[in-house]
S.K.: 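Handing you a structure now.
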Amino acid sequence: MRRAAVLAAAAACAVTLAQPAEAAEAPGLGHWEAELLAMPDGFADAFAHVQGNDSHGGYAGDLWLDGISHIVTWSQGRPTVHPQPDGYEAADVVDENSAGTILGDAKGGFWSQPLVLDHGRYERLLVPGDWASLRAVALNERGDVLANAQPNSGDGVAVLWPAGDRAHPVVITGPPYLSAVDIDDDGTVLMNASGKSYTWRDGVLQQLTAPQGAAYVHAAAIRKGQITGNFFGSDMLVNHGVRWRSPAQPEVLPSSSTTFGLNRFGLIVGDGPRPDPTGPLGPLSAWLAGRALGPLPLAGYTEGHAKAVGDDGTIAGVVSDGALSDAGRPVVWRYSLR
């Protein structure tokens, strides 16, 4: 029954996504392959962040050179560096949807301004009030935009710009130390606060059920009602990745320590287990249907980071040598049965 369910789900997906689905049933059937993305002329020494994946072979990120970030997109493997938004010194990418709309932050001094880049046109996202900071977080398929905002006094809030009415953003309040992290395609907002995780939709807040033994929970991404993140035990040393089939159904991911992103079919990317709780992170790895698909190859580098998982089964991120947060050489991973 389990095999039939997985194969039935795979048949409903694109062929490229069905390949990881088959791997969940037969781990030795295929393997991941890494393809380095081309760097634009003049940016050979830049550090990249890749945060966008349009699920059609297009990717988005930013390149840091001489302390300034530039938005870059890749289409059919070719990079394009976009002009800086008018009136701002720099810009970076936060998210991308399948329409190719890109969410980012424009930078000016100590201030950041959320904006979308849609077919070469920038649109600033404004919110009334007096804010100490405003930072973009996520973009969903229908074009809703999510940001975190810190007022000059009081607790932080989340801000939601509905796709059909971005002139009237919704301010979302919640527990102290609230931090929004993602938004689902139906407008459900995922957030963390004081070691707990929540969903919010239409004014209703629901706490995620913690896995057994969890003292601290951190959600990272939500798609089609599925949620992924990680949790720590009471000693705060050993952490594990987790997926929620629903807010009340946590499931610990095997051979995991933390997760960063997922697609609509439940393909998850994150880090494998840490050999030493106080040592380096575990290897960049993938999971599907709650099963480990193994580490991702690093194209000759030593470290990897990724969060942009496309519905076509690709994973976009970066690789690097030495210490790595989320910057390095841009790369795309694909699963191959060959």
Side-chain angles (χ1 to χ4, degrees), residues 16-17 34-40 43 46-64 69-85 90-107 112-123 125 135-147 161 163 180-185 190 220-223 260-264 267-270 284 296 304-319 325-334:
T16 51
L17 189 65
E35 177 189 355
L36 294 173
L37 293 172
M39 296 290 278
F43 287 84
F47 287 99
H49 302 83
V50 181
Q51 308 280 25
N53 185 339
D54 71 5
S55 303
H56 307 296
Y59 311 99
D62 46 84
L63 298 173
W64 281 81
S69 62
H70 308 258
I71 291 180
V72 60
T73 55
W74 287 268
S75 178
Q76 298 181 348
R78 294 190 295 269
T80 299
V81 178
H82 296 263
Q84 301 289 15
D92 55 28
V93 169
V94 173
D95 203 356
E96 182 181 19
N97 64 17
S98 65
T101 303
I102 294 167
L103 174 65
D105 279 317
K107 307 288 187 178
S112 63
Q113 168 63 57
L115 51 74
V116 292
L117 173 60
D118 193 359
H119 296 91
R121 176 179 172 269
Y122 287 110
E123 176 191 354
L125 301 171
R135 294 187 180 277
V137 170
L139 168 75
N140 67 9
E141 281 295 285
R142 69 186 184 190
D144 301 329
V145 174
L146 181 68
W161 288 269
V181 292
D182 203 4
I183 183 168
D184 207 346
D185 294 336
L190 182 66
I222 183 170
R223 193 78 195 281
F260 307 114
L262 81 165
N263 68 7
R264 64 179 297 176
L267 178 62
I268 295 171
V269 67
L284 187 65
L296 304 183
H305 176 82
K307 63 167 285 188
V309 186
D311 290 340
D312 60 352
T314 61
I315 299 173
V318 296
V319 289
S325 55
D326 59 355
R329 179 74 189 272
V331 63
V332 174
W333 289 273
R334 298 178 178 87

S.K.: Name all residues meeting the side chain to side chain contact (heavy atoms under 4.5 Å, CB included) criterion together with Asp144; count only those two or more places apart in sequence or in a different chain, and write none if there are none.
M.R.: Asn140, Arg142, Leu160, Pro162, Ala163, Ile183

S.K.: Mind checking whether Val269 and Leu284 have side chains closer than 4.5 Å, heavy atoms only?
M.R.: yes

S.K.: Is there side-chain contact between Val94 and Arg135, with at least one heavy-atom pair below 4.5 Å?
M.R.: no

S.K.: Closest heavy-atom contact between Trp74 and Gly61?
M.R.: CZ3-N, 4.1 Å

S.K.: Would you call Asp311-Arg223 a salt bridge at under 4.0 Å N-O?
M.R.: yes

S.K.: Quick one: are Asp118 and Glu123 in side-chain contact, heavy atoms under 4.5 Å?
M.R.: no

S.K.: By side-chain hydrogen bond (donor to acceptor under 3.5 Å, both in side chains), which residues pair with Arg121, not counting sequence neighbours?
M.R.: none

S.K.: Residues two or more places apart in sequence or in another chain: which of them pass ring-ring contact (aromatic ring centres under 6.0 Å, His included) with Tyr122?
M.R.: none

S.K.: Give a yes or no on whether the backbone of Ser69 and the side-chain of Gln84 come within a donor-acceptor separation of less than 3.5 Å.
M.R.: yes

S.K.: Return the CG to CG distance between Leu125 and Asp105, rounded to the nearest 0.5 Å.
M.R.: 9.5 Å

S.K.: Just jot down the ring-ring contact (aromatic ring centres under 6.0 Å, His included) partners of Phe260, sequence neighbours excluded, or say none.
M.R.: His305

S.K.: Taking the side chain as every heavy atom from C-beta outward, state whether Val319 and Trp333 have any atom pair closer than 4.5 Å.
M.R.: yes

S.K.: If you look at every heavy atom in Asp92 and Lys107, which pair is closest and at what distance?
M.R.: OD2-CE, 3.1 Å

S.K.: Applying ring-ring contact (aromatic ring centres under 6.0 Å, His included), can you list everything that pairs with His82, at least two apart in sequence or on another chain?
M.R.: none

S.K.: Can you list the residues that meet the side chain to side chain contact (heavy atoms under 4.5 Å, CB included) rule with Ala106, with sequence neighbours excluded?
M.R.: Pro85, Tyr88, Gln113, Leu115

S.K.: If you look at every heavy atom in Leu267 and Asn263, which pair is closest and at what distance?
M.R.: N-OD1, 2.9 Å

S.K.: Is any side-chain heavy atom of Phe43 less than 4.5 Å from a side-chain heavy atom of Pro79?
M.R.: no

S.K.: Got Leu37 and Val332 here, is their nearest side-chain heavy-atom distance under 4.5 Å?
M.R.: yes

S.K.: What pair of heavy atoms forms the shortest contact from Ile102 to Ala60, and how long is it?
M.R.: CD1-CB, 3.8 Å

